[in-house]
Colleague: 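This is the structure, below, for whatever I ask next.
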Amino acid sequence: PEKVDQEKYEVVKKRQEERRQRQESGYASRAAGHTENAPVEYRRVAENRRREPDNIIPMPTTGLRRMKMAAAGVFVLLCVMALALMRQESTGESLGETARQAMSNLMEQKLPDADFPYILVKDSFTALKQIAAFYREQLSVHVVGITGSVGKTSTKEMIAGVLSAKYHVMKTEGNFNNEIGLPLTILRIREEDEVAVLEMGISDFGEMSRLTQMAKPDISVITNIGQCHLENLKTRDGILKAKTEIFEGMNEHGKAVLNGGDDKLRTVKLVKGHRPYYFNDPSCYADHIVSHGIFGTSCEIHMDGELIRAEIKVPGQHQVTNTLAAVRVAKLLGLDMEQMIRGIASVVPIAGRNRIIQEGNFTLIDDCYNANPVSMKAALDLLSLADTRKVAILGDMFELGENSDMLHSGVGYAKGKTDLLICIGENAKHIYDGAKEAGVAHIYHFTDKESFLREKENLLQAGDTILLKASHGMAFETLISQLLQ
C-alpha cells in the first residue's frame with residue numbers, strides 16, 4: 001500500500017462522505033417527489049429537469065457508482081495494475097522487475113519459465129482496449145469526450161477546470177489521447193471521480209470509432225474542423241467525417257456540443273435524433289472582449305439569456321472560444337453561473353500550451369506541444385500582444401500531406417507579428433521562404449536546434465518575449481531549459 005499522510009487522508013474521506021450524504025439525500029428526496037426537503041442544489045436541478053427535461057444530465061447516486069466500481073475494480077486491478085504490452089517476438093526476459101511486481105500482465109505467447117503471473121491473449125493492444133471498454137461500461141461517471149482539429153487540449157483543460165467548481169473531475173494527462181493512451185486514461189478513473197474529461201485524437205478514418213466505443217461519451221465536444229492530418233484524411237470534409245465518428249459511441253440520450261462558428265460543423269443538424277448544442281453562435285457568444293496581452297482576457301459571455309462576466313487567465317483570444325465550449329458543457333451538467341465564473345478563473349496554462357515563463361533574461365511563451373497552420377497563426381497573434389521585442393522560434397509541422405510545403409509557406413503571416421523570426425527544421429525552410437517573400441525583415445533558418453543554440457547569444461537580447469512553437473516531434477521543450485540557462 002502507498003504511504004499516505006493520515007491527516008490529509010481523513011480530510012479527503014470526510015469530504016467524500018459529506019458529498020455522498022448530500023447526493024443520496026438529494027436524490028432520495030427527488031425520487032420521493034419531495035424536492036422541497038432536498039438540498040438547494042438538488043432542488044434547482046430537479047426544478048430545471050421538470051421545466052426542461054433535456055437541459056441537465058443528472059448525476060448518478062454515489063451508492064450505485066460504488067457498487068459498479070467495486071464489481072469492475074476487482075477484475076481490472078487484477079489485469080492491469082501494471083500492464084506489459086508484449087509483441088510476438090518478445091521472450092519475456094526484458095520485462096524484469098516490472099512484470100514480477102505486477103498483479104498480472106498481458107502476454108501474446110506462453111512463457112513456460114515465467115516467474116510472474118500473466119494472462120494469455122491473442123493481441124495485447126486489443127486486450128487493453130477491451131478491458132478499458134468493459135471497465136467503462138461498469139462506471140456511472142459522466143464522460144465528456146473532446147475532439148477537433150485544433151484546441152483539443154486547451155478546451156479539455158478549460159472544461160475540466162470549470163467543472164471542477166462543482167465536481168471531482170478526472171482528465172486526460174499529457175498526450176494520452178490515442179488508442180493506447182485513451183484506454184490507460186479510462187483505467188485511471190476511480191470511485192471519487194464524478195466526471196471524466198477525455199481528449200480523443202486521431203489521424204485516420206476508423207480510429208475515432210474505436211476510441212468512442214471505449215469512452216462512450218455522454219457529451220461529445222468538437223472544437224473545429226481545420227487542416228490537420230491531411231495526409232490520411234485528405235480534405236476538411238474527410239476530417240469532418242472522421243471526427244463525427246465520436247457520435248457512434250454515445251448513448252441515445254447523449255449530447256453533442258459543437259462550434260457554431262465552424263462552417264463544417266454547422267452542417268451537423270441532428271445527432272442521435274437530437275439537435276446539437278452550439279457555442280460560438282447567437283445562443284452562446286462573447287462580447288466586450290478585453291485583451292490583457294499575454295496574461296489573459298476579460299469578456300462577457302451570453303448563453304441562453306444569461307450573462308457571465310469571465311476572467312480568463314490563459315493567454316490568447318482563442319481561449320474565449322474554449323471558454324464558450326466549457327460553459328455550454330457546464331450548463332448541461334448543472335453548474336450555476338457563480339460556479340462557472342469561479343471555474344473559469346481557476347484555469348491556468350499547462351506546459352507546452354501557451355504557458356508563460358518569466359525567468360532569467362526572457363519571457364517565454366511555451367506553446368511547443370504541437371503545431372498546425374491554424375494554431376501557428378494563433379500563437380503569432382498572441383506573441384504580437386507582447387510589449388517587448390518579440391521573437392518567434394518556429395519549427396516543422398508534421399502530417400500536413402501533399403500540401404505541406406504550401407502550408408508551411410503560409411506562415412509568412414508572421415509579418416508584423418514579430419521583430420525576429422527564427423525557423424528550425426527541414427520543413428521550416430518553407431516558413432522562412434514564405435516569410436521572406438512576405439517582407440519579414442529579420443529572419444534566420446537553421447537545419448536543427450543545435451545549430452540555433454550555437455548562435456543564440458548573437459540573436460537574442462535580454463528582455464525578449466520568445467514564442468516557441470512546433471510539432472511535438474521536434475521536441476522544442478528541450479529549448480526551454482537551454483534558453484533559461
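Small disclaimer: the values here were computed from a predicted structure and weren't measured.
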Colleague: Given the rule in the side-chain contact (heavy atoms from CB on, under 4.5 Å) test, do Ile246 and Leu211 qualify, once you have shown the distances and angles that lead to the verdict?
Modeller: CA-CA 8 Å; Ile246 192 174; Leu211 294 179; over 6 Å; no

Colleague: Is there side-chain contact between Met397 and Val411, with heavy atoms separated by less than 4.5 Å?
Modeller: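 Yes; the side chains approach each other to less than 4.5 Å.
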
Colleague: Report the distance from atom CD1 of Ile443 to atom CD1 of Ile431, rounding to the nearest 0.5 Å.
Modeller: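 Spacing of CD1 (Ile443) from CD1 (Ile431) equals 9.0 Å.
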
Colleague: Can you check whether Thr153's main-chain N or O pairs, donor with acceptor, with Tyr369's side chain at less than 3.5 Å?
Modeller: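 Not confirmed, Tyr369 side chain does not pair with Thr153 backbone.
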
Colleague: Checking side-chain contact (heavy atoms from CB on, under 4.5 Å) for the pair Ile239/Ser149: CA distance, chi angles, key distance, verdict?
Modeller: CA-CA 8 Å; Ile239 295 170; Ser149 297; 3.5 Å; yes

Colleague: More than 12 heavy atoms of other residues, nucleotides or ligands under 6.0 Å from NZ of Lys436: is that the case?
Modeller: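 No, NZ of Lys436 has 12 or fewer neighbouring heavy atoms, counting only those of other groups under 6.0 Å.
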
Colleague: Using modelled atom types only, decide if a donor and an acceptor are shared between the side chain of Lys469 and the backbone of Asn370 within a distance under 3.5 Å.
Modeller: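 Side chain of Lys469 to backbone of Asn370: a pair is present.
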
Colleague: Taking atom CZ of Arg275 and atom CG of Leu258, what is their separation to the nearest 0.5 Å?
Modeller: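 Rounded to the nearest 0.5 Å, the CZ-CG separation comes to 11.0 Å.
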
Colleague: Taking NZ, NE, NH1 and NH2 as the nitrogens, is one of them in Asp336 or Arg342 under 4.0 Å from a carboxylate oxygen of the other?
Modeller: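 Answer for the salt bridge query: no.
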
Colleague: Within the distance-only criterion (no hydrogens, no angle test), does the side chain of Arg389 pair as donor or acceptor with the backbone N or O of Gly463 below 3.5 angstrom?
Modeller: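 Pair absent, no side-chain N/O of Arg389 close to backbone of Gly463.
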
Colleague: Give a yes or no on whether Lys216 atom NZ has more than 12 heavy-atom contacts from other residues, nucleotides or ligands under 6.0 Å away.
Modeller: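 Atom NZ in Lys216 is packed in, count exceeds 12.
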
Colleague: List for me each residue that meets salt bridge (Lys or Arg N to Asp or Glu O under 4.0 Å) alongside Arg236, sequence neighbours excluded, and say none if there are none.
Modeller: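 In terms of salt bridge (Lys or Arg N to Asp or Glu O under 4.0 Å), with neighbours along the sequence ignored, Arg236 is linked to Asp262, Asp263.
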
Colleague: Does Ser375 reach the side chain of Asp367, with side-chain heavy atoms less than 4.5 Å apart?
Modeller: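 Contact flag for Ser375/Asp367 side chains = no.
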
Colleague: Does a sphere of radius 6.0 Å around NE2 in His292 hold more than 12 heavy atoms from other residues, nucleotides or ligands, not counting ones at 6.0 Å or beyond?
Modeller: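 Yes - once you tally the heavy atoms of other residues, nucleotides and ligands closer than 6.0 Å, there are more than 12.
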
Colleague: Which one of Leu394, Leu467, Leu383 satisfies the side chain to side chain contact (heavy atoms under 4.5 Å, CB included) criterion with Thr418?
Modeller: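 Option passing the side chain to side chain contact (heavy atoms under 4.5 Å, CB included) with Thr418: Leu383.
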
Colleague: Of the non-hydrogen atoms in Asp193 and Arg188, which two are nearest, and what is the gap between them?
Modeller: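 What the structure gives for the nearest pair is OD2-O, 4.0 Å.
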
Colleague: So, taking the atom named OG1 in Thr297 and the one named CG in Leu385, what distance separates them when rounded to the nearest 0.5 Å?
Modeller: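 If I round to the nearest 0.5 Å, the distance is 8.0 Å.
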
Colleague: Distance alone, cut at 3.5 Å: any donor-acceptor contact between the side chains of Thr212 and Glu248?
Modeller: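 No, because no side-chain N or O of Thr212 sits under 3.5 Å from a partner of the opposite role on Glu248.
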
Colleague: Does the side chain of Asn259 pick up a donor-acceptor pair with the side chain of Asn280 at under 3.5 Å?
Modeller: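 Looking only at side-chain atoms, Asn280 and Asn259 do form a donor-acceptor pair, the distance falling under 3.5 Å.
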
Colleague: Could you check whether atom OH of Tyr444 has more than 12 heavy atoms from other residues, nucleotides or ligands sitting under 6.0 Å from it?
Modeller: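 No, OH of Tyr444 has 12 or fewer neighbouring heavy atoms, counting only those of other groups under 6.0 Å.
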
Colleague: Any chance the side chains of Thr155 and Asn322 put a donor and an acceptor closer than 3.5 Å?
Modeller: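 Their side chains do contain a donor-acceptor pair, which is all the 3.5 Å distance test asks for.
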
Colleague: Donor-acceptor pair, distance only, cut-off 3.5 Å: does the side chain of His168 make one with the backbone of Glu194?
Modeller: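 Judged by distance alone, no pair lies under 3.5 Å.
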
Colleague: Could you check whether any side-chain N or O of Thr323 sits under 3.5 Å from a backbone N or O of Gln319, counting only pairs where one atom can act as donor and the other as acceptor?
Modeller: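 Yes; at least one donor-acceptor contact below 3.5 Å.
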
Colleague: On a heavy-atom basis, which atom in Gly293 and which in Pro315 lie closest, and how many Å separate them?
Modeller: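 Here Gly293 and Pro315 meet closest at O-CB, 4.4 Å.
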
Colleague: Going by atom types only, do Thr235 and Asp237 share a side-chain donor-acceptor pair under 3.5 Å?
Modeller: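 The answer is no; no qualifying pair exists.
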
Colleague: Give a yes or no on this: more than 12 heavy atoms of other residues, nucleotides or ligands lie within 6.0 Å of atom CD of Glu437.
Modeller: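 No - once you tally the heavy atoms of other residues, nucleotides and ligands closer than 6.0 Å, there are 12 at most.
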
Colleague: Can you tell whether the side chains of Asp218 and Lys255 come within less than 4.0 Å, N to carboxylate O?
Modeller: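 So Asp218 does not pair with Lys255 through a salt bridge.
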
Colleague: Kindly say whether Arg266 contributes a backbone atom to a donor-acceptor pair with the side chain of Lys269 at under 3.5 angstrom?
Modeller: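 Yes, the answer is positive, given that a donor and an acceptor are paired below the 3.5 Å cut-off.
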
Colleague: Looking at CZ of Arg190 and CG of Leu139, how far apart are the two atoms once the value is rounded to the nearest 0.5 Å?
Modeller: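 Rounded to the nearest 0.5 Å, the CZ-CG separation comes to 10.0 Å.
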
Colleague: Step through the shown structure and confirm whether more than 12 heavy atoms of other residues, nucleotides or ligands are within 6.0 Å of CD on Gln482.
Modeller: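 Yes, because the 6.0 Å sphere around CD of Gln482 holds more than 12 heavy atoms from other groups.
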
Colleague: If we only count heavy atoms from C-beta on, is the Cys368 to Leu479 side-chain gap below 4.5 Å?
Modeller: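 No, side chains not in contact.
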
Colleague: Just by modelled atom types, is the Gly151 backbone N or O under 3.5 Å from a matching donor or acceptor in the Thr223 side chain?
Modeller: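 No, the answer is negative, given that no donor and acceptor are paired below the 3.5 Å cut-off.
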
Colleague: Go through it in stages, so that I can follow the logic: the residues are Asp433 and Lys429, the test is salt bridge (Lys or Arg N to Asp or Glu O under 4.0 Å), and I'd like the CA-CA distance, side-chain angles, deciding distance and then a yes or no.
Modeller: CA-CA 6 Å; Asp433 294 337; Lys429 178 61 164 62; 2.9 Å; yes

Colleague: Measure across Gly201 and Lys152 and return the closest heavy-atom pair with its distance rounded to 0.1 Å.
Modeller: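 Looks like CA-CE, 4.1 Å.
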
Colleague: Between the main-chain N or O of Ala428 and the side-chain N or O of Asp396, is there a donor-acceptor pair closer than 3.5 Å?
Modeller: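 Between the backbone of Ala428 and the side chain of Asp396 there is a qualifying donor-acceptor contact (under 3.5 Å).
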
Colleague: Rounded at 0.5 Å granularity, tell me how far CE in Met337 sits from CD in Glu306.
Modeller: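 If I round to the nearest 0.5 Å, the distance is 4.0 Å.
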
Colleague: Would the number of heavy atoms belonging to other residues, nucleotides or ligands and lying under 6.0 Å from CD of Glu450 be above 12?
Modeller: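 Correct, the count exceeds 12.
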
Colleague: Which of these passes side chain to side chain contact (heavy atoms under 4.5 Å, CB included) with Leu198: Arg136, Met170, Lys156?
Modeller: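 Among Arg136, Met170, Lys156, the one meeting side chain to side chain contact (heavy atoms under 4.5 Å, CB included) with Leu198 is Met170.
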
Colleague: Would the number of heavy atoms belonging to other residues, nucleotides or ligands and lying under 6.0 Å from CD of Glu179 be above 12?
Modeller: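 More than 12 within 6.0 Å, yes.
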
Colleague: Verify whether one side chain among Thr465 and Thr388 offers a donor that lies under 3.5 Å from an acceptor in the other.
Modeller: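 The answer is yes; a qualifying pair exists.
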
Colleague: Would you say Tyr135's side chain and Pro183's backbone share a donor-acceptor pair under 3.5 angstrom?
Modeller: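 Between the backbone of Pro183 and the side chain of Tyr135 there is no qualifying donor-acceptor contact (under 3.5 Å).
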
Colleague: Given 3.5 Å as the limit, does a donor-acceptor pair link the side chain of His445 with the main chain of Gly425, or not?
Modeller: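 Such a contact is found between His445 side chain and Gly425 backbone.
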
Colleague: May I ask you to check whether Ser384 and Asp381 show a side-chain donor-acceptor distance below 3.5 Å?
Modeller: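 No pair is found: no donor N or O on one side chain lies under 3.5 Å from an acceptor on the other.
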
Colleague: Going by distance alone, is a donor N or O of one side chain under 3.5 Å from an acceptor N or O of the other, for Asn458 and Glu455?
Modeller: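 Yes, Glu455 and Asn458 have a side-chain donor paired with an acceptor closer than 3.5 Å.
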
Colleague: With sequence neighbours left out, write down each residue that passes side-chain contact (heavy atoms from CB on, under 4.5 Å) with Tyr285, or none if nothing qualifies.
Modeller: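 Partners of Tyr285 by the side-chain contact (heavy atoms from CB on, under 4.5 Å) criterion, ordered by chain and then number, come out as Asp287, His302.
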
Colleague: When rounded to the nearest 0.5 angstrom, what distance separates CG in Leu240 from CG in Leu233?
Modeller: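 Result: 11.0 Å between the selected atoms.
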
